[in-house]
Amino acid sequence: MRNIVLFGPPGAGKGTQSEKLIEKYGLTHLSTGDLFRKHLGEGTELGTLAKKYMDEGHLVPDQVVISMVEDKISNSKHCEGFIFDGFPRTTAQAEALDRMLKNHGMAISGMIALDVPQEILKERIKERGKTSNRADDQNEEKINTRIKVYLDETLPVANYYEEQGKFKKINGVGEIDEIFKEISVTIDSY
């Protein structure tokens, strides 16, 4: 079983690459964005709480996210593994994920980080905002907040996995298929 953390700032291409990886490897996609939308759509208490933070461009508190992830893992018993997209976003979440997976007899195989310069990230997010209907993809101030939050709060997660020997950085700029090929070579080595 492969459990991959696909890592990178907003606009790095995690969603695009996740789709291709799911198709190739049969992994179950675990995206915090999807989990938030599911809980928002169902009107759950967790969804309402998450929306408040998302609308402000801030990270949803760890315990809310961890509860959503635990629910998804528990309800995905017969899968080939997970691709974690947008999670973990803090070292505390990474530690909780490791404990959660261990309780299910699993572990993270590796973290693949998509490296993209900030100016390209901003361009990609604005472009995505034209079709995504996401307010945070269309507002310059919120885009800058999201990138700053990533740099300040999320980037340290890479060190957590690097210390475990599970970190690989990949250039996230270029042709989608070329980036995918490099990611696949890394996954095939697990």
Side-chain angles (χ1 to χ4, degrees), residues 4-24 27 29-37 40 50-62 64-65 68-69 82-94 97 108 110-163 166-187:
I4 311 298
V5 175
L6 192 57
F7 191 73
K14 296 181 301 292
T16 300
Q17 293 299 332
S18 288
E19 289 176 20
K20 296 174 79 60
L21 294 168
I22 291 162
E23 183 179 328
K24 180 173 181 174
L27 301 172
H29 190 222
L30 204 152
S31 159
T32 51
D34 290 347
L35 290 176
F36 294 155
R37 285 184 282 281
L40 286 169
K51 184 177 183 343
K52 175 184 166 239
Y53 290 93
M54 291 166 60
D55 286 347
E56 295 169 359
H58 296 289
L59 292 179
V60 176
D62 287 348
V64 176
V65 180
M68 290 180 183
V69 171
F82 292 94
I83 182 155
F84 294 92
D85 169 6
F87 182 84
R89 290 191 179 184
T90 65
T91 302
Q93 287 180 0
L97 178 60
I108 291 298
M111 170 188 267
I112 299 171
L114 297 173
D115 187 34
V116 180
Q118 280 189 41
E119 289 311 309
I120 294 174
L121 294 173
K122 291 177 186 179
E123 291 170 21
R124 287 181 180 179
I125 294 169
K126 287 179 192 171
E127 191 60 35
R128 182 176 70 193
K130 294 176 184 175
T131 57
S132 72
N133 294 323
R134 286 177 50 178
D136 59 341
D137 280 351
Q138 300 167 31
N139 180 298
E140 181 90 28
E141 186 177 325
K142 287 185 180 181
I143 291 169
N144 288 334
T145 297
R146 288 169 62 204
I147 291 172
K148 182 175 179 358
V149 167
Y150 169 81
L151 293 171
D152 293 347
E153 299 179 31
T154 307
L155 195 55
V157 176
N159 295 331
Y160 176 79
Y161 287 107
E162 192 165 30
E163 288 171 4
K166 296 181 178 181
F167 176 81
K168 170 75 172 163
K169 186 188 299 188
I170 290 179
N171 182 1
V173 179
E175 294 296 321
I176 291 170
D177 288 338
E178 289 301 313
I179 296 166
F180 177 69
K181 187 190 298 184
E182 191 171 346
I183 293 170
S184 295
V185 167
T186 300
I187 290 175

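Only a predicted model underlies this, so the values are computations on that prediction, with no experimental measurement involved.
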Asker: Answer yes or no: is there a side-chain heavy-atom contact under 4.5 Å between Lys52 and Glu56?
Answerer: yes
Asker: Between Arg89 and Val65, does the side chain to side chain contact (heavy atoms under 4.5 Å, CB included) criterion hold? Intermediate values first, please.
Answerer: CA-CA 10 Å; Arg89 290 191 179 184; Val65 180; over 6 Å; no
Asker: Can you tell me how far the CG atom of Asp62 sits from the OG1 atom of Thr90, to the nearest 0.5 Å?
Answerer: 3.5 Å
Asker: State the NE2-CG distance between His29 and Leu21, to the nearest 0.5 angstrom.
Answerer: 9.0 Å
Asker: Among all residues two or more places apart in sequence or in another chain, which pass the ring-ring contact (aromatic ring centres under 6.0 Å, His included) test with Phe87?
Answerer: none
Asker: Does anything in residues 111-142 pair up under ring pair (Phe, Tyr, Trp, His ring centres under 6.0 Å), and if so which pairs, sequence neighbours excluded?
Answerer: none
Asker: I'd like to know whether Ile22 forms a side chain to side chain contact (heavy atoms under 4.5 Å, CB included) with Ile83, so could you lay out the CA-CA distance, the side-chain angles of the two residues, the decisive distance to 0.1 Å, and finally the verdict.
Answerer: CA-CA 8 Å; Ile22 291 162; Ile83 182 155; 3.9 Å; yes
Asker: Using side-chain contact (heavy atoms from CB on, under 4.5 Å) as the criterion, list what pairs up with Lys148, not counting sequence neighbours.
Answerer: Asp152
Asker: According to salt bridge (Lys or Arg N to Asp or Glu O under 4.0 Å), does anything in residues 8-24 pair up with another residue at least two apart or in another chain? List the pairs.
Answerer: Lys20-Asp177
Asker: Please round to the nearest 0.5 Å and tell me the distance separating atom CD1 of Ile108 and atom CZ of Phe167.
Answerer: 14.0 Å
Asker: Going by side-chain contact (heavy atoms from CB on, under 4.5 Å), name the residues that satisfy it together with Glu153, two or more places apart in sequence or in a different chain.
Answerer: Leu59, Val149
Asker: I'd like to check Thr32 versus Val60 (side-chain heavy atoms, cut-off strictly below 4.5 Å). Are they in contact?
Answerer: no
Asker: Do Leu155 and Tyr150 come within less than 4.5 Å of each other through their side chains, counting heavy atoms only?
Answerer: yes
Asker: Do Glu127 side-chain atoms and Glu123 backbone N/O form a donor-acceptor pair below 3.5 Å?
Answerer: no
Asker: Please identify each residue that fulfils side-chain contact (heavy atoms from CB on, under 4.5 Å) with Glu178, with sequence neighbours left out.
Answerer: Glu175, Lys181
Asker: Does CG in Leu151 sit with more than 12 non-hydrogen atoms of other residues, nucleotides or ligands closer than 6.0 Å?
Answerer: yes
Asker: Against Ile4, only a single residue in Ile187, Ile183, Thr186 fulfils side chain to side chain contact (heavy atoms under 4.5 Å, CB included); can you say which?
Answerer: Ile187
Asker: Arg37: which residues meet the side-chain contact (heavy atoms from CB on, under 4.5 Å) condition with it, sequence neighbours left out?
Answerer: Asp34
Asker: For the CG atom of Asp55 and the NZ atom of Lys142, what is their distance to the nearest 0.5 Å?
Answerer: 6.0 Å
Asker: As an exercise, state the distance from CZ of Phe84 to CG of Leu27, rounded to the nearest 0.5 Å.
Answerer: 10.0 Å
Asker: Answer yes or no: are there more than 12 heavy-atom neighbours, outside Lys166 itself, under 6.0 Å from its atom NZ?
Answerer: yes
Asker: Tell me, please, which residues at least two apart from Lys122 pass side chain to side chain donor-acceptor pair (under 3.5 Å).
Answerer: Asn144
Asker: So, do Phe7 and Thr154 sit near enough that their side-chain heavy atoms are less than 4.5 Å apart?
Answerer: yes
Asker: Within a strict 4.5 Å, meaning less than it, do heavy atoms of the Ile143 and Pro10 side chains meet?
Answerer: no
Asker: Out of curiosity, Asn139 CG to Ile125 CD1, how far, rounded to the nearest 0.5 Å?
Answerer: 11.5 Å
Asker: Going by the rule side chain to side chain donor-acceptor pair (under 3.5 Å), which residues pair with Glu141 if we only count those two or more places apart in sequence or in a different chain?
Answerer: none
Asker: If you compare all heavy atoms of Ala94 against all heavy atoms of Val157, which two are closest, and at what distance to 0.1 Å?
Answerer: CB-CG1, 4.1 Å
Asker: Is any side-chain heavy atom of Tyr161 closer than 4.5 Å to one of Val5?
Answerer: yes
Asker: Name every donor-acceptor pair, under 3.5 Å, that has one atom in a side chain of residues 110-121 and the other anywhere in the protein, sequence neighbours excluded.
Answerer:
none

Asker: Phe36: what forms a ring-ring contact (aromatic ring centres under 6.0 Å, His included) with it, not counting sequence neighbours?
Answerer: none
Asker: Tell me if a side-chain donor or acceptor on Gln17 pairs with a main-chain N or O of Ile176 at a distance below 3.5 Å.
Answerer: yes
Asker: Output all residues satisfying side chain to side chain donor-acceptor pair (under 3.5 Å) with Ser132, sequence neighbours left out; order by chain, then residue number.
Answerer: Asp137
Asker: Is there a side-chain contact between Ile179 and Asn171, using heavy atoms and a 4.5 Å cut-off?
Answerer: no
